[in-house]
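Heads up, the thing below is written out as structure tokens.
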Amino acid sequence: MRLSQNARRGMAGGSLVLAAVLASPMLVSGCATKIDGRPVAAPGAGPTEPVFPTPRPSATALPPPTGVSPNPAPGGPTSPAGTIPLSPDQNGYVFIETKSGITRCQINKDTVGCEAPFTDSPLQDGEHANGVSITSTGSVQWVLGNLGAIPTVTIDYKTYGAQGWTINASEGGTRFTNDHTGHGMYVSVEKVNTF
């Protein structure tokens with residue numbers, strides 16, 4: 001039997017394809033590994049959520065952020081003489097923590113909101129509220145929540161100015177007064193008075 005040159009090429013090509021098809025299961029089986037069982041995390045294998053460090057510089061040692069003036073916003077009244085200005089972040093917020101470390105607050109030009117383990121707060125969804133906020137117009141709201149890992153500045157028992165609010169911190173509590181409207185609140189763990 002005499003085969004044409006095209007027939008010989010076709011047979012040779014077919015033999016190569018057949019050899020590759022037969023060899024492929026061996027190649028693939030060498031790359032796969034299966035381990036029976038189920039994964040179980042060991043204690044101390046790591047946190048379930050990421051943890052981000054929260055810087056807590058002193059208010060007197062905090063330099064103003066680049067491009068942000070340490071002075072109150074233009075167009076508003078100036079804070080009383082002797083106040084220590086607190087610069088806002090790029091979103092217009094100032095985050096503080098009282099010297100005791102018990103109360104944390106966020107301040108912007110319209111609102112002050114504070115979080116603390118209040119002993120006499122109203123019930124919200126069956127639990128005592130741990131947050132209170134007041135607007136520059138005097139509207140008050142109690143909430144359940146957590147301010148999260150905010151970059152607070154620890155304040156001393158002094159007077160500060162932040163985003164049009166005067167902050168008078170004392171050992172007994174902290175008083176926030178809006179420089180434009182006079183509305184505000186006095187915050188301590190034992191009581192919150194609004195005005």
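When reading the values below, keep in mind they use all heavy atoms of this one structure, side chains included, and skip hydrogens, waters and symmetry mates.
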Exercise. Go through the steps for T177 and W165 under the test side chain to side chain contact (heavy atoms under 4.5 Å, CB included), then give the verdict.
Key: CA-CA 5 Å; T177 306; W165 296 84; 5.7 Å; no

Quiz item: So, the side chain of N178 versus the backbone of H180: is there a donor-acceptor pair under 3.5 Å, distance only?
Solution: yes

Practice problem: For V140 and V132, run side chain to side chain contact (heavy atoms under 4.5 Å, CB included): C-alpha distance rounded to whole Å, both residues' side-chain angles, the deciding distance at 0.1 Å, then the answer. | Solution: CA-CA 7 Å; V140 178; V132 63; 4.0 Å; yes

Quiz item: Do you know the tightest heavy-atom contact between S121 and A129?
Solution: OG-O, 2.6 Å

Quiz item: If you take all heavy atoms of V94 and P88, which pair is closest and at what distance?
Solution: CG2-CA, 3.6 Å

Quiz item: Measuring from F95:CZ to L147:CG, what's the distance to the nearest 0.5 Å?
Solution: 8.0 Å

Practice problem: Please round to the nearest 0.5 Å and tell me the distance separating atom CD1 of I96 and atom OG1 of T174. | Solution: 6.0 Å

Quiz prompt | Under 3.5 Å donor-acceptor, N130 side chain and G145 backbone | solution = yes

Practice problem: Give the C-alpha distance, both sets of side-chain angles, the deciding distance and a yes or no for side chain to side chain contact (heavy atoms under 4.5 Å, CB included) between C105 and F176. | Solution: CA-CA 10 Å; C105 304; F176 300 88; 3.7 Å; yes

Quiz prompt | OG1 on T181 to CZ on F195, rounded to 0.5 Å | solution = 9.0 Å

Quiz item: Taking Y160 for the side chain and N168 for the main chain, is one N or O donor matched with an acceptor at less than 3.5 Å?
Solution: no

Self-check item: Heavy-atom pair with the smallest gap, counting every atom of S133 and T111
Solution: CB-CG2, 4.0 Å

Quiz item: Are I155 and I84 grouped together when hydrophobic residues (ILVMFWY) are joined by side-chain heavy atoms under 4.5 angstrom apart?
Solution: yes

Quiz item: So, the side chain of D89 versus the backbone of Y93: is there a donor-acceptor pair under 3.5 Å, distance only?
Solution: yes

Quiz item: Of all heavy-atom pairs between G172 and S188, which one has the smallest distance, and what is that distance?
Solution: O-CB, 3.2 Å

Quiz item: Is it true that atom CD of E190 has more than 12 heavy atoms of other residues, nucleotides or ligands lying nearer than 6.0 Å?
Solution: yes

Quiz item: Would a hydrophobic clustering, with Ile, Leu, Val, Met, Phe, Trp and Tyr connected at side-chain separations under 4.5 Å, put V187 with Y157?
Solution: no

Quiz item: Distance from K158 atom NZ to I167 atom CD1, nearest 0.5 Å?
Solution: 14.0 Å

Practice problem: Give a yes or no on whether the backbone of T154 and the side-chain of T152 come within a donor-acceptor separation of less than 3.5 Å. | Solution: no

Exercise. Can you measure from CH2 (W142) to CD (Q124) and round to the nearest 0.5 angstrom?
Key: 9.5 Å

Quiz item: Using a distance-only test with no angle check, is there a side-chain donor-acceptor pair under 3.5 angstrom linking S136 and D110?
Solution: no

Quiz item: Taking 4.0 angstrom as the limit, do R104 and E97 come out as a salt bridge?
Solution: no

Quiz item: What closest approach, in Å, do I102 and P117 show between heavy atoms, and which atom pair accounts for it?
Solution: CG2-CD, 3.6 Å

Quiz item: CZ of R175 to CE of M185: how many Å apart, nearest 0.5 Å?
Solution: 11.5 Å

Quiz item: Going through the distances and angles, do Q106 and N108 end up as a side chain to side chain contact (heavy atoms under 4.5 Å, CB included)?
Solution: CA-CA 7 Å; Q106 67 179 19; N108 67 30; over 6 Å; no

Exercise. Please answer whether the main-chain N or O of L123 pairs with a side-chain N or O of H128 as donor and acceptor at a distance below 3.5 Å.
Key: no

Practice problem: Kindly indicate whether the side chain of K191, heavy atoms from C-beta on, has any atom under 4.5 Å from the side chain of N193. | Solution: yes

Quiz item: Side chains of T135 and T137: donor-acceptor distance under 3.5 Å anywhere?
Solution: yes

